[in-house]
Q: 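I am attaching a structure below and will ask some questions about it afterwards.
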Amino acid sequence: MSIRNIGIPGVNPPKGKECKDKYCPFHGGTRIRGKVTKGLVVSKKSRNSVIIRRDYVQFVKKYQRYERRNMRLACHLPECLNQEIQVGDMVRIGESRKISKTKSFIVLEKIEGVGS
């Protein structure tokens, strides 16, 4: 299989790793479209999935204050990135079509590691 350029600036395909994952944006046929964001990996218990936590602030109009909130997203983890991504890493994710009932995002790259 050949490695595709997914068309997102700053995201490079994994070097020297080949996978047969049909949902991989680099080696398979799934396209990335929509939001590209980042989050923290909080769980890696499923085989091809990770749970990402995104923290954000929400303005509460009544009290004229901000509150902290978080959102947990189930994301597909391609085979070529499986060894590289660990719990506690900051990763970049991109939106794709629905892969399963809960997954519509795919992990694109590791931004920061646990020790960094």
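Only a predicted model underlies this, so the values are computations on that prediction, with no experimental measurement involved.
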Q: Are C80 and C24 close enough that some pair of their side-chain heavy atoms sits under 4.5 Å apart?
A: yes
Q: Do the side chains of R68 and N70 get nearer than 4.5 Å, heavy atoms only?
A: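 Not touching, per the 4.5 Å side-chain cut-off.
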Q: Do I99 and V50 share a hydrophobic cluster, counting only Ile, Leu, Val, Met, Phe, Trp and Tyr and linking them when any side-chain heavy atoms are less than 4.5 Å apart?
A: no
Q: Just so I know, are the side chains of Q64 and F59 near enough to count as touching, which here means a heavy-atom distance under 4.5 Å?
A: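 Yes - at least one pair of side-chain heavy atoms lies under 4.5 Å apart.
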Q: To the nearest 0.5 Å, how far apart are CZ in R33 and CD1 in I8?
A: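 Spacing of CZ (R33) from CD1 (I8) equals 12.0 Å.
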Q: Would the distance check show the side chain of K44 and the main-chain N or O of N82 forming a donor-acceptor pair, the cut-off being under 3.5 Å?
A: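 Yes, K44 side chain to N82 backbone: donor-acceptor pair under 3.5 Å.
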Q: Can you find a heavy atom in the side chain of F26 that is under 4.5 Å from one in the side chain of I6?
A: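 Of all side-chain heavy-atom pairs linking I6 with F26, at least one is under 4.5 Å.
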Q: Check whether any side-chain heavy atom of S43 lies under 4.5 Å from a side-chain heavy atom of V87, and answer yes or no.
A: no
Q: How far apart are the closest heavy atoms of D55 and R53, and which atoms are they?
A: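 Scanning both residues completely, I find the closest heavy atoms to be OD1-NE, 3.1 Å.
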Q: Atom OH in Y66, atom CD in Q58: separation rounded to 0.5 Å?
A: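 Spacing of OH (Y66) from CD (Q58) equals 10.0 Å.
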Q: If you compare all heavy atoms of D21 against all heavy atoms of L77, which two are closest, and at what distance to 0.1 Å?
A: OD2-O, 4.3 Å
Q: Quick check for you: to the nearest 0.5 Å, what is the distance between K110 atom NZ and M90 atom CE?
A: 12.5 Å
Q: With rounding to the nearest 0.5 Å, note down the distance linking OH in Y23 to CZ in R97.
A: 5.5 Å
Q: Minimum heavy-atom separation for E84 to D89, with atom names?
A: O-OD2, 3.7 Å
Q: For R92 and V36, run side-chain contact (heavy atoms from CB on, under 4.5 Å): C-alpha distance rounded to whole Å, both residues' side-chain angles, the deciding distance at 0.1 Å, then the answer.
A: CA-CA 7 Å; R92 180 169 288 130; V36 176; 3.8 Å; yes
Q: Side chains of S49 and K103: any donor to acceptor distance under 3.5 Å?
A: yes
Q: side-chain contact (heavy atoms from CB on, under 4.5 Å), that's the test. Do M71 and Y56 meet it? Break it down for me.
A: CA-CA 8 Å; M71 176 189 319; Y56 62 98; 4.2 Å; yes
Q: Do V41 and I85 make a side-chain contact, defined as non-hydrogen atoms from C-beta onward lying under 4.5 Å apart?
A: yes
Q: Strictly below 4.0 Å, N to O, side chains only: are E67 and R69 in salt-bridge contact?
A: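 Judged by the 4.0 Å cut-off on N to carboxylate O distance, E67 and R69 do form a salt bridge.
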Q: Would V91 and I111 count as a side-chain contact (heavy atoms from CB on, under 4.5 Å) if you check the C-alpha gap in whole Å, the side-chain angles of each, and the deciding distance to 0.1 Å?
A: CA-CA 5 Å; V91 294; I111 299 173; 5.7 Å; no
Q: Apply side-chain contact (heavy atoms from CB on, under 4.5 Å) to the pair L73 and I93, showing each step before the final yes or no.
A: CA-CA 10 Å; L73 293 169; I93 57 175; 3.9 Å; yes
Q: Please report the closest heavy-atom contact between I52 and G39, naming both atoms and the distance.
A: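 Reported closest heavy-atom pair: CG2-CA, 3.4 Å.
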Q: Test your reading of the model: is there a side-chain donor-acceptor pair from K98 to the backbone of K101, 3.5 Å cut-off?
A: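 Indeed, once roles are kept as given, a pair shorter than 3.5 Å links the two residues.
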Q: Could you check whether E95 pairs with K35 (Lys NZ or Arg NE/NH1/NH2 to Asp/Glu carboxylate O, under 4.0 Å)?
A: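 Judged by the 4.0 Å cut-off on N to carboxylate O distance, E95 and K35 do not form a salt bridge.
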Q: Rounded at 0.5 Å granularity, tell me how far OG in S104 sits from NE2 in H76.
A: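 Nearest 0.5 Å value for the OG-NE2 distance: 12.5 Å.
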Q: Does any part of the side chain of P78, heavy atoms only, come nearer than 4.5 Å to the side chain of I106, both counted from C-beta?
A: yes
Q: Among side-chain atoms of T37 and R54, is any donor-acceptor pair under 3.5 angstrom?
A: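 A donor-acceptor contact under 3.5 Å links the two side chains.
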Q: Atom CZ of residue position R72 - does it have more than 12 heavy atoms of other residues, nucleotides or ligands inside 6.0 Å?
A: no
Q: Might you point out which heavy atoms bring C75 and V107 nearest each other, and give the distance in Å?
A: CB-CG2, 4.1 Å
Q: Would a 4.5 Å heavy-atom cut-off, applied to side chains only, mark P25 and L108 as touching?
A: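 P25 reaches L108 side chain to side chain.
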